[in-house]
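Just so it is clear: chains get the letters A, B, ... in the order the sequence lines come, proteins before strands, and each one is counted from 1.
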Amino acid sequence: MTTLTGLAPVLTGTVELRTSSGWLAVCATADLEPGRGVAVLLPDGAQAAVFKDSTGRLYAIGNVDPFTGAGVLCHGLLGSAGGRPYVASPLLKQRFALADGRCLDDDAAAVASYPLRVS
Amino acid sequence: MTTPTPAAFGAVDRTGRPTVVLVGHGMVGQRFLEALAEHGVTARARVVVLCEEPRPAYDRVHLTSYFSEGTSPQELSLVEDGFMARHGVELHVGDPAVAVDRDSRTVTSRSGLSISYDTLVLATGSYPFVPPVPGKDAEGCFVYRTIEDVLAIEAYAQGVTSGAVVGGGLLGLEAAGALRGLGLDTHVVEFAPRLMPVQVDDGGGAALRRSVEGLGVTVHTGVGTQEITTDDAGRVTGMALSDGSELPAGMVVFSAGVRPRDDLARACGLDVGERGGIVVDASCRTSDPAVFAIGECALAADGRVYGLVAPGNEMAETAARAIAGPDAPGAGFTGADTSTKLKLLGVDVASFGDAHGTADGALDVLYSDSRSGVYRKLVIGSDGTLLGGVLVGDVESYGVLRPLTGSVPPVAPEHLVLPAGAGAPVALGPTALPDEAVICSCHNVSKGAIRSAVADQGCAGVPEVKKCTKAGTGCGSCLKVLGQLVDAELEAGGVEVDRGLCPCFGQTRAELYEIVRTLRLTSYRDLLDRHGREDARGGEGCEVCKPAVASVLASLAPVIGASVHVLDGEQAALQDTNDHFLANMQKNGSYSVVPRIPGGEITPEKLIVIGEVARDFGLYTKITGGQRIDLFGARVEQLPLIWARLVAAGFESGHAYGKALRTVKSCVGSTWCRFGVQDSVRMAIDLELRYRGLRAPHKLKSAVSGCARECAEAQSKDFGVIATASGWNLYVGGNGGATPRHADLLAKDLSDAELVRLIDRFLMFYIRTADRLERTSVWLERIPGGLDHVRDVVVHDSLGICDELEALMAAHVAGYRDEWADTLDDPERLRRFVSFVNAPGTPDPTVRFVPERDQIRPEPLPVALTETVPV
Ligand code: SRM
Ligand SMILES: Cc1cc2nc3c(=O)[nH]c(=O)nc-3n(C[C@H](O)[C@H](O)[C@H](O)COP(=O)(O)OP(=O)(O)OC[C@H]3O[C@@H](n4cnc5c(N)ncnc54)[C@H](O)[C@@H]3O)c2cc1C
Ligand code: SF4
Ligand code: FES
């Protein structure tokens, strides 16, 4: 699992996410709404969720909510606790740190975390 | 006759225990029984009660609520379930005492019971005084004291259109309120030159008169009743007044004062006062040490008969203590505060201390505004001591002023009478009061006792303090101050009473609403950066405040100039997931779609469309508990396609996802049902269409029933409407769910227009003042003053905000647009409806279904708490 702080704001360009098979172009930065996320289908069939926070920083973590098995984290609301941004699952409301995918409400749970770049 | 010991337990009954007999089970009698139990007397003595009325003690003070609020006789009961059994009290209902033999110490009852007593307590109350005018016993003449009186008045009023009350004092105005509540053309005839001559002065009387007349009651002062006129059948037709005029009236209620019921005492030779009342000493003992008298029948040691509950309760405690034994602590009863705060016909009146300024050198400080019916007078002694006062119209400050009586107030008296904003500095809060100040006069609870309940006995809120001290459980007029004191004490004790919305905001939702409204803020970012907690400013916010603020912005959108559509601009990022997609997310990440079906009425054509859409998209279909149809199992990318079909057929969003109006359920009503008295379906549709889309602190539900059979279950709704022969009754604060609550009657027999106007005000007031996720039921229980306060605000416009509330609702109604149709029209918004940003055509593979009972259901998903990816 990679630990990564959010990618600093970049105004325009293509967002790319690193998977086991290399960098994958995801969408244009302009496609992301501040405070919201989108889901990305990965080549191996897995899913990632890419977020832009209110300051424009970008993050990517796994999209499948480990508590329900549903691909929904991209639809959660963002928040920050102690300066650390997180997303709250829309189903049962557990929070996941955007920086590393760790669940803030249950130490045993975590989702993947993906490096990002803008080209 | 022998002289008993002070504890008065000389003789014993068959059981070997001493016997206490209580005659009269009224308000004070019941308080006496409670005090006996508290002092442990019920555990060691036999207690027998003779009760004349056909029911145990009830709350006489709130008798008028039977008419004004539809309170049932059962609800007025003062006796907690199981009280008598738990304390072994023998209660004989409907069996009054008819004789007392003090030599043999026995009481005889009407049914023939003969009971020996060691201690006898008389709590026989008063009877209404009826002046000896000709015709006073005619058919159609009533008094106003008991539930039986109330029922008789109600029955007789069915056949008449007007009524007159003799007496313009406290009880007379109560009676006038009752007649008004019955829809009668109402008159009050008072001999004195002003209303409530005992409590208020001329200026206050004038303000009161204006307000009372404003409510449609005709007031005649300075005239006496000379004769009750009747028709040939002996039924009341009106009265002849002392100024020679005739006042036509179909019924007459006498409220010309009360007289102590001392007949039983007189007959057995106890001392009674010249003008009535059983003579008692400071321990409430009569001239026979084995006999006590308490409440309105007693002539207290200071030579007065008290016609109020609070002094009666004090006497009850005093007598119980004396009976418990000489060791029981506490002072005797030598007189009481006759301060009163009343709500008569919806007008607030309060008087306290030396209201008439009879003390030497007393001076008045006066504020009067006849436009708003507000009158405030303080009586100040030559040394600046507050001696008393009269408040009419606005009695907000009563809770603080009464306890300050007898001391020099910490701010200049003129500041205490001026309205806020007219030169008055910060309002004087209850924290300024000394510890001895009595906060609850009904139960004589001091500020010190309340503080100690919090600080020493660990009470963590008003409900606990009420339980532990009884404060606030009488007339309720002290509740507001009580709440402020409890909070202040909790805070002083280091208990962080953080009522803040979330880690980002220190304010409550209602406070944020006011900030947004007054500063016209249209952005969450601004609100967070300028008004958020220090360490939250500039941050991301959180999942609690974002939707809450979004809802506030949406409710206020028309007046602050924010966008009305919940998916516009920054607002889009604040919405809960469901609002974001205008549908309800289900456990596997699929969505459900609920079109609005106003009032539950639907044409066959529309039913067919729903069926076709469900079939074509393979959706699971179910009738909801809200009289509409839910279509489950839609993927994000299918939502716009489904809506397009529904919108084309005339459907719109049902807001099943929003903290907004859900459904207005209806019964079939007068159109079809043999019992229906109004068209409940039409009203339900009208209401649903009026309030659709209204964002609120929590979801809002409603229902309309066509008659009292209540097939639509309106009394379990946030606002429920039940048809009556002459209009609609409006109930508020009902709830189903985990903590069900029956709704309270807010107003009766409303016309269509009155109903809608009242709901407009009620909903907007709720939206303005409720906390996040606080249903109307919880809100109504929480806000100081409860239902009465809400009624004051929305019915009597006590805060002067009703115009604004109505304007807000009008703006909402005018600005309503269907969110589905709007979204379909906007390609920008539609872009969001894809499963994957990098593969718009691909459905989410985790959304899978299996068949069940000829429809689909979500396939159970594998869950694994951690996920790793090779990088
Ligand atoms: C669909 C429906 C069940 C059904 O199949 O019949 C339903 C479904 C849900 N209800 Fe309900 N309730 C439904 C009628 C009711 C009723 C009956 C009624 O409205 O007459 C009640 C009791 C009445 C009441 O609210 O006072 C009801 C009391 C609740 C409560 C408890 C509210 C409370 O104040 O205690 C919740 C939880 C909450 O809101 O916090 C809840 C929450 C929910 C949620 C939102 C739970 C959730 O978060 O997923 C469900 C979402 C439905 C969806 O995805 O569409 N639902 N729910 C009903 C939709 C009615 C409609 O047409 O809009
Ligand atoms: C409409 C109304 C509004 C009021 N509003 C207020 C208010 O706002 N504030 C306030 O402080 N006070 C108010 N009062 C006054 C208050 O109700 C009385 O002060 C209080 O009820 C006195 O209590 P009590 O027990 O002494 O008398 P009661 O409550 O009258 O009880 C006496 C009981 O004794 C019974 N009794 C009499 N003789 C016998 C017998 N021989 N054997 C057995 N039983 C007998 C009677 O039937 C009665 O039930 C109001 C009264 C009315 C009627
Ligand atoms: S509430 Fe009354 S009118 Fe409506 S269906 Fe029931 S019985 Fe008929
Ligand atoms: S003053 Fe009446 S309940 Fe407290």
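Relative orientation of the B:Trp643 and B:Trp820 rings is parallel, given thresholds of 30° and 60° on the angle between their planes. In this pair, A:Phe96 and A:Phe67 present their aromatic rings tilted. The plane angle is within the 30 to 60° band.
Contacts between B:Thr842 and chain A at a heavy-atom distance below 4.5 Å involve the side chain alone, from C-beta outward. In this structure, chain B has a heavy atom under 4.5 Å from the side chain of A:Asp106, while its backbone stays farther away.
Here B:Asp535 pairs with nothing under the salt bridge (Lys or Arg N to Asp or Glu O under 4.0 Å) rule; sequence neighbours left out.
Between chain B and the residues A:Ala49, A:Pro90, A:Cys74, the most heavy-atom pairs under 4.5 angstrom are made by A:Pro90. If you tally non-hydrogen atom pairs under 4.5 Å between each of A:Pro34, A:Ala108, A:Pro85 and chain B, the highest count goes to A:Ala108. Note on A:Ala25, A:Cys27, A:Ala109: by heavy-atom pairs under 4.5 Å with chain B, the leading option is A:Ala109. Ranked by heavy-atom pairs shorter than 4.5 Å toward chain B, the options A:Leu91, A:Val87, A:Leu78 are led by A:Leu78. When B:Val544, B:Val837, B:Val834 are compared by the number of non-hydrogen pairs under 4.5 Å with chain A, B:Val837 comes out ahead. Note: A:Asp31 leads A:Leu92, A:Leu32, A:Asp31 in heavy-atom pairs under 4.5 Å with chain B.
Between the OH atom of B:Tyr620 and the CD atom of B:Gln586 there is a distance of 10.5 Å, given to the nearest 0.5 Å.
Among residues 502-511 of chain B, no residue has any heavy atom closer than 4.5 Å to a heavy atom of chain A.
Sorted by first and then second residue, the side-chain hydrogen bond (donor to acceptor under 3.5 Å, both in side chains) pairs with a member in residues 536-548 of chain B read A:Ser54-B:Glu540, A:Tyr86-B:Glu543; sequence neighbours excluded. Applying the salt bridge (charged side-chain N to carboxylate O under 4.0 Å, His left out) test to pairs two or more places apart or on separate chains, those with a residue in residues 834-850 of chain B are B:Arg848-B:Glu859.
Residues B:Arg695 and B:Asp579 are paired through a salt bridge, judged by an N-O separation under 4.0 Å between the basic side chain and the carboxylate.
A donor-acceptor distance shorter than 3.5 angstrom exists from the side chain of A:Asp53 to the backbone of A:Gly56, with no hydrogens or angles considered.
No more than 12 heavy-atom neighbours from other residues, nucleotides or ligands sit within 6.0 angstrom of CG on A:Asp107. By the neighbour-count criterion of 12 heavy atoms within 6.0 Å, atom NZ of B:Lys587 is sparsely surrounded, having that number or fewer from other residues, nucleotides or ligands.
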